[in-house]
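Computation of the quantities below employed the complete heavy-atom set of this structure, encompassing side-chain atoms and omitting hydrogens, waters and symmetry-equivalent molecules.
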Amino acid sequence: MSVSPSTSGLAYEPQNIEPKWQLLWEKADLFQNTPAQLTATSTQKNTAGRPSQKLFHLFAFAYPSGSGLHVGHVESMTALDILSRFQRMQGKQVYFPVGWDAFGLPAENYAIKTGVPPAKTTHDAIKTFQTQIKRLGISYDWANEIATNHPEYYKWTQWLFLQLYQKGLAYKGVGMVNWCPSCQTVLANEQVVNGQCERCSTDVIQKELNQWYFKITAYQDELISGLETVDWPNATKQQQLNWIGKKAGINIAYQVIDRAGQPLDSGETITCFTTRPDTNFGATFLVLAPEHTFAKKVAAGELAAAGVTSDQAQKVAVYLDSAKKKTELERQQEGRQKSGVFTGAYAINQLNNRKLPVYISDFVLGNFGTGAVVGVPGHDLRDFEFATQFGIEIIRVVKGPDGDISPIIKPNQVQEDAGVMINSEFLDGLEIMAAKAKIMDHFEAKGWGQRVTTYKLRDWLISRQRYWGAPIPIVYDPEGQAHPVKPEHLPWRLPEDVGFKPTGESPLKSSQEFIARTEKLYGKGWRPEFDTMDTFVDSSWYYLRYCDSRNTQEFASSERMSAWLPADLYLIGPEHIVLHLLYSRFFTKFLRDEGYFKFSEPFQKMRHQGMILGPDGKKMSKSKGNVINPDSIIAEFGADTLRVYEMFMGPLEADKPWDTRAVAGVARFLKRWFKAVTQALATAPTANQKITQSQRKLHQTLKKITEDLTNLKFNTAIAALMEFLNVWEAAPKTDPGFTREELSQIIRLLAPLAPFMAEELWSQWLSAADLTPDSQAPFVHQQSWPEFNPDLAQAEQVTIMVQVNGKIRGQFAVATDQITADEVIKTTAQSLPEIQKWLVDMSGATLPIKKIIYVSGRLVSLVV
RNA sequence: GCCGCGGUGGCGGAAUCGGUAGACGCGUAGGUCUCAAAAACCUAUGAGACUCAAAUCUCGUGUGGGUUCGAUUCCCACCCGCGGCACCA
């Protein structure tokens, strides 16, 4: 192909340059369809003839919202694009795919408001995003673009569901679920924020429903241990660990007793989970969650044998009813105020034969541990609060750190984490950790308890009573029995004849076609599952599909997945730490167990980009009017300026406010660079005899940029380029200037960061020498990365600082090759006149030097 | 309350196997060009003291201690901000 050299002269005009190269790159199919070119990494050669190595750079799937590309998208896309271009120039084979997390609520809510089908809204939004991204010069592999709402994609989402179903890892179950009255759908635990719906901030209520779950808990231990093998930010790993919430403790079974203090004939027991069995001599009561089966039995009047009167049973029933009606938010607003009711029943603590009254309170959670706790009010603040409120005895069994052994009457006396046991018979005198081990052994030996590990992680509720998602591929026979949709019926298509008015029921119920289709394929009286899947199901396996996005036989071939995954770099916002990342890891481990590939973690290296804030330092939002639109920045300054500015703002991971004036500073820098190069091209000598300061700076910069880009330190890389330009522009008029070869390096150096301008300068570089573009590699982005010369990258001389008693008092220069002459340098340092005056006392007498420290190439420290 | 991250000029930030604090950019001030303005370019720019000036000195990386010839960097205690979790037994 031919590339026409520019004739536009010296002025930098991004508005002319950028559309031109965008078009030519597109025509040339640059960097397209990479995964098809896999094959053995060691034999593969790129255009420059160097051995190739594969890299998978993953940008977090974007939701195609109607408001278009956000400057935050620009930040992370640009960072990955720079890295991709940089690595390609270094001979790596880089796969940098693009796709859309296209199912989801906003499009459906828009449909409810306007009647416009979500498919249309989504399609239009994607078009807008595509145009904006191409204008930015992001070198995506568009040939492998995917969208989760496409039947060829969600066919495999459904396939994945069925695989899980066949292995018993997708199941339907009844349970208390989070229900958003506004979105009219259930939510996963992960989608409830402060008792409110993550999307619309409506108070979430609890409902008992029969829903579909994925058994993520089957992998809970591996989800913990796998974190040790990946290169992720520590904070992220920590948060995942907290979410999984693994805890070691013991389940203790307390026998329920009758009025005479004898175990019930039914052998009824209440099992409590505790991590602090060491304090069990201080136990004075038991508390059950309202959902506990024993609580229900009491309410139903089934525990008369335990001495529960009908009056007490009645009170319990009332309490259970009121607890059920409370929203998550009401429960939180009560704060530490505790409600509860005595059941009338007692259990026995076999350690000391103490009778423990059994209470019910909603501060005990039904879904953690066993839903029942043993109350030790002296050493647990919640138990203390409950005991004081209900007048229950408090026993001290741990001595305070100050030796306090007085009765516990104030909350600040409640010793929770350290101390020595007292009032605990055979545990007395032991530190709590030792006591814990000893009593657990005791409980197990007696058969009263059993060591257990509990987890906070719950199974993943994936049913959604919404339209715009992948239908759950399940059909029910006339008896209501669930059956998987047959593989030949996939994709199990999302019907189009639905009403969008929220009714509290799944919108798919309104589809005649959906029901007719089910009856036709499966028989009269058969019904489809009307719920769709949580969109996190779609978006938690997309990186697998990327490897083989046009495969019609499989979700992706094993060969391709093994070749490209795990991803070498995943750049994703910190808001996805518990949801998407945990789910993705679960799917990966499951499919590995199914034998599709061998790796266990999908994302080997992950980093989080920070948030770009408005100029006011606050999160951008339409209501605050502080939103920066990338299109308007491109219109004013060009895409290269936008890219370089966003990378220059600060460290990638940090939140940083937008500074409108600083954008102009970056535009100035690019303009100066363009001018410097175009002017130099006109007079460039073919060879340069003398080594100049500018040359040294060039090679130092080449070295620095290579290091910084490798480490994702884009802001300091750009600062180094600016420094280089400052030195270049300040070079003496007598300097011979950079040679053609050096100018080529200077142009290539900028290519990853400012791809359009670099391409323009490259074409000028070629035409200045009457060269025609290489037909195999006509573009600057196909050239090799400039290597630095280590000799030239070294400074000619270094400044040695001289300290006297730790304070800087002078300095001198030394040739770089002389810095190992320790004795000479130490002597020179002492002989400096400005140092001499610090080496004498008030009377002028020379002070003895006690110690001389020389830090090679940096400083001499004199101690007197 | 628990877990994690952070605190450096007027602003964004740079420098942490301990070794010139403030790179680079923004802003500001003065200047060149211009009838004028913008743009562009040049110079200065942490605070303070002293000086005609040059030079020099003192202070300075959230606070208070410590280790060291030397601390933004390491240790201890605390304060503040941000993110996450939260009546999790």
Side-chain angles (χ1 to χ4, degrees), chain A residues 193-194 233-243 245 247 249 272-277 279 287 289 331-332 334-338 361-365 367-376 379-383 385-386 416-417 454-456 574-575 577-578 608 611 613 615 617 644-645 648-651 653-666 668-669 671-672 675 713 715-726 729-730 798-811 834 837 849-864:
Chain A
V193 178
N194 292 326
N234 230 346
T236 303
K237 292 185 181 182
Q238 205 57 52
Q239 270 192 55
Q240 286 219 350
L241 288 175
N242 290 346
W243 189 263
K247 259 186 197 149
C272 299
F273 173 73
T274 179
T275 57
R276 294 294 311 280
T279 61
V287 201
R331 209 153 135 162
Q332 275 175 24
E334 285 173 3
R336 306 200 64 96
Q337 196 55 237
K338 299 204 172 26
S361 173
D362 64 4
F363 87 83
V364 177
L365 305 172
N367 58 7
F368 185 79
T370 58
V373 299
V374 49
V376 183
H379 305 286
D380 181 289
L381 196 57
R382 293 155 307 188
D383 295 348
E385 287 161 351
F386 190 80
E416 284 188 314
D417 30 39
T454 61
Y455 297 82
K456 221 177 82 178
E575 68 276 14
I577 288 168
V578 286
H608 305 299
M611 201 192 306
L613 307 168
V644 175
Y645 170 66
F648 184 59
M649 290 174 84
E653 319 82 50
D655 292 346
K656 349 166 231 286
W658 188 270
D659 183 348
T660 306
R661 291 183 296 202
V663 183
V666 169
R668 248 191 312 268
F669 159 68
K671 209 188 248 179
R672 281 163 54 204
K675 189 174 158 196
K713 293 172 78 176
N715 55 331
T716 51
I718 292 162
L721 290 172
M722 289 172 168
E723 255 184 273
F724 163 69
L725 183 58
N726 289 344
E729 287 179 334
V798 294
T799 304
I800 306 286
M801 306 308 293
V802 185
Q803 288 185 344
V804 179
N805 287 341
K807 287 198 189 283
I808 304 241
R809 299 300 184 188
Q811 62 182 63
E834 66 265 35
K837 68 178 181 182
I849 293 173
K850 293 183 195 141
K851 202 171 167 188
I852 302 178
I853 300 148
Y854 171 52
V855 182
S856 184
R858 289 191 180 269
L859 61 67
V860 176
S861 185
L862 307 170
V863 186
V864 293

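In this structure, A/Arg668 reaches the B/A40 phosphate: one of its side-chain N or O atoms is under 4.0 Å from OP1 or OP2. Listed pair A/Lys656 / B/G12 fails the phosphate criterion, with no side-chain N or O lying under 4.0 Å from OP1 or OP2. Within the 4.0 Å cut-off from OP1 or OP2 of B/C24, not a single side-chain nitrogen or oxygen of A/Asn715 is found. In this model, the phosphate group of B/U58 is approached by a side-chain N or O of A/Arg809 to a distance below 4.0 Å at OP1 or OP2. Residue A/Lys713 has no polar side-chain atom (N or O) positioned under 4.0 Å from OP1 or OP2 of B/C24.
Within the nucleic acid shown, A/Ile808 comes within 4.0 Å of sugar-phosphate atoms alone, with no base atom in reach, counting heavy atoms only. Residue contacts shown for A/Ser861 include a base, since a base heavy atom lies under 4.0 Å away. Counting non-hydrogen atoms under 4.0 angstrom, A/Asn367 reaches nothing in the nucleic acid. Base engagement by A/Ala719 is indicated by at least one non-hydrogen atom pair under 4.0 Å involving a base atom. No contact: A/Pro233 has no heavy atom under 4.0 Å from any strand. Nucleic acid contact for A/Asp380: none, since no nucleic acid atom lies under 4.0 Å from a heavy atom of the residue. Residue contacts for A/Val364: at a heavy-atom cut-off of 4.0 Å it reaches a base atom on one of the strands shown. At the heavy-atom level, A/Gly245 lies nowhere under 4.0 Å from the strands shown.
Under the Watson-Crick or G-U wobble criterion, with both distances below 3.5 Å, B/G6 is paired with B/C80. Both distances falling under 3.5 Å, in either a Watson-Crick or a G-U wobble arrangement, place B/C57 opposite B/G48. Pairing partner, B/U43: B/A29, with both Watson-Crick or wobble hydrogen-bond distances short of 3.5 Å. Pairing of B/G1, defined by two Watson-Crick or G-U wobble distances under 3.5 Å, is identified with B/C85. Here B/U68 sits opposite no nucleotide as a Watson-Crick or G-U wobble pair (both hydrogen-bonding atom distances under 3.5 Å).
The side chain of A/Met801 approaches B/U20 more closely than any other nucleotide in the set B/C87, B/U20, B/G25. When each of B/C69, B/A89, B/A21 is scored by its nearest atom to the side-chain atoms of A/Phe368, the top-ranked nucleotide is B/A89. Comparing B/U20, B/C69, B/A89 by their closest approach to the side chain of A/Thr799 singles out B/U20. Among the nucleotides B/A89, B/U20, B/U56, the one closest to the side chain of A/Lys837 is B/U56. Considering only side-chain atoms of A/Arg661, the nucleotide from B/C3, B/A23, B/C26 that sits closest is B/C26. Residue A/Glu385 has its side chain nearest to B/C87 when only B/C87, B/U20, B/C24 are considered. Side-chain atoms of A/Met722 lie closest to B/C24 of the nucleotides B/C69, B/C24, B/A89. Looking at the side chain of A/Arg858, the nearest of the listed nucleotides B/C26, B/C69, B/U20 is B/U20. Relative to the side chain of A/Ile853, the nucleotides B/U20, B/C87, B/G19 differ in distance, and B/G19 lies closest. In the set B/G12, B/C24, B/A21, the nucleotide with an atom closest to the side chain of A/Pro657 is B/G12.
Mapping A/Phe363 and A/Gln239 onto RNA chain B by nearest heavy atom places A/Gln239 at the nucleotide closer to the 5' end. When each of A/Gln337 and A/Ala235 is assigned the nucleotide of RNA chain B bearing its nearest heavy atom, the one mapping closer to the 5' terminus is A/Ala235.
Two residues are said to be in side-chain contact when any heavy atoms from C-beta on lie closer than 4.5 Å; A/Pro574 and A/Thr236 fail this criterion.
Between the CD1 atom of A/Ile577 and the CD atom of A/Gln239 there is a distance of 4.0 Å, given to the nearest 0.5 Å.
Taking the C1' atom of each, B/U73 and B/U61 are spaced 10 Å apart, rounded to whole Å. Taking atom P on both nucleotides, B/U63 is separated from B/U72 by 11 Å, rounded to a whole Å. A gap of 11 Å separates the C1' atoms of B/C76 and B/U67, to the nearest Å. The P atoms of B/U8 and B/G4 are separated by 22 Å, rounded to the nearest whole Å.
Across the protein-nucleic acid pair, A/Trp243 atom CH2 and B/G4 atom P stand 18 Å apart, rounded to whole Å. Atom-to-atom, CD of A/Gln803 to P of B/C69 comes out at 12 Å; the value is rounded to the nearest Å. In this structure, A/His608 places its NE2 atom 13 Å from P of B/G84, rounding to the nearest Å. Following rounding to the nearest Å, A/Asp655 (CG) and B/G83 (P) show an atom-to-atom distance of 9 Å. Here the P atom of nucleotide B/C87 and the CZ atom of A/Phe386 are 16 Å apart, to the nearest Å. In this structure, A/Phe669 atom CZ and B/C41 atom P are separated by 13 Å, rounded to whole Å. One can place NZ of A/Lys807 at 15 Å from P of B/U20, the figure rounded to the nearest angstrom. Rounded to whole angstrom, the span from the CG atom of A/Asn234 across to the P atom of B/C5 amounts to 7 Å.
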*Decide yes or no on side-chain contact (heavy atoms from CB on, under 4.5 Å) for A/Val863 and A/Ile849, but give the supporting numbers first.*
CA-CA 6 Å; A/Val863 186; A/Ile849 293 173; 6.0 Å; no

*Could you check A/Phe363 against A/Glu385 for side-chain contact (heavy atoms from CB on, under 4.5 Å), going step by step and ending with a plain yes or no?*
CA-CA 11 Å; A/Phe363 87 83; A/Glu385 287 161 351; over 6 Å; no

*Verify side-chain contact (heavy atoms from CB on, under 4.5 Å) between A/Glu653 and A/His608, making sure each step is shown before the conclusion.*
CA-CA 6 Å; A/Glu653 319 82 50; A/His608 305 299; 5.7 Å; no

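Judged by distance alone, with hydrogens and angles left aside, A/Lys338 brings a side-chain donor or acceptor within reach of the base of B/C87, the pair sitting under 3.5 Å.
Using modelled atom types, one side-chain atom of A/Asn805 and one backbone atom of A/Val864 make a donor-acceptor pair closer than 3.5 Å. Between the side chain of A/Arg276 and the backbone N or O of A/Glu416 there is at least one donor-acceptor pair closer than 3.5 Å.
The residue from A/Leu859, A/Leu862, A/Ile808 that alone fulfils the side chain to side chain contact (heavy atoms under 4.5 Å, CB included) condition with A/Val802 is A/Leu862.
In this structure, B/G22 is classed as anti because its glycosidic torsion departs from zero by more than 90°.
Ring geometry for A/Tyr645 against A/Trp658 counts as perpendicular: the plane angle is over 60°, on a 0 to 90° scale with 30° as the lower cut.
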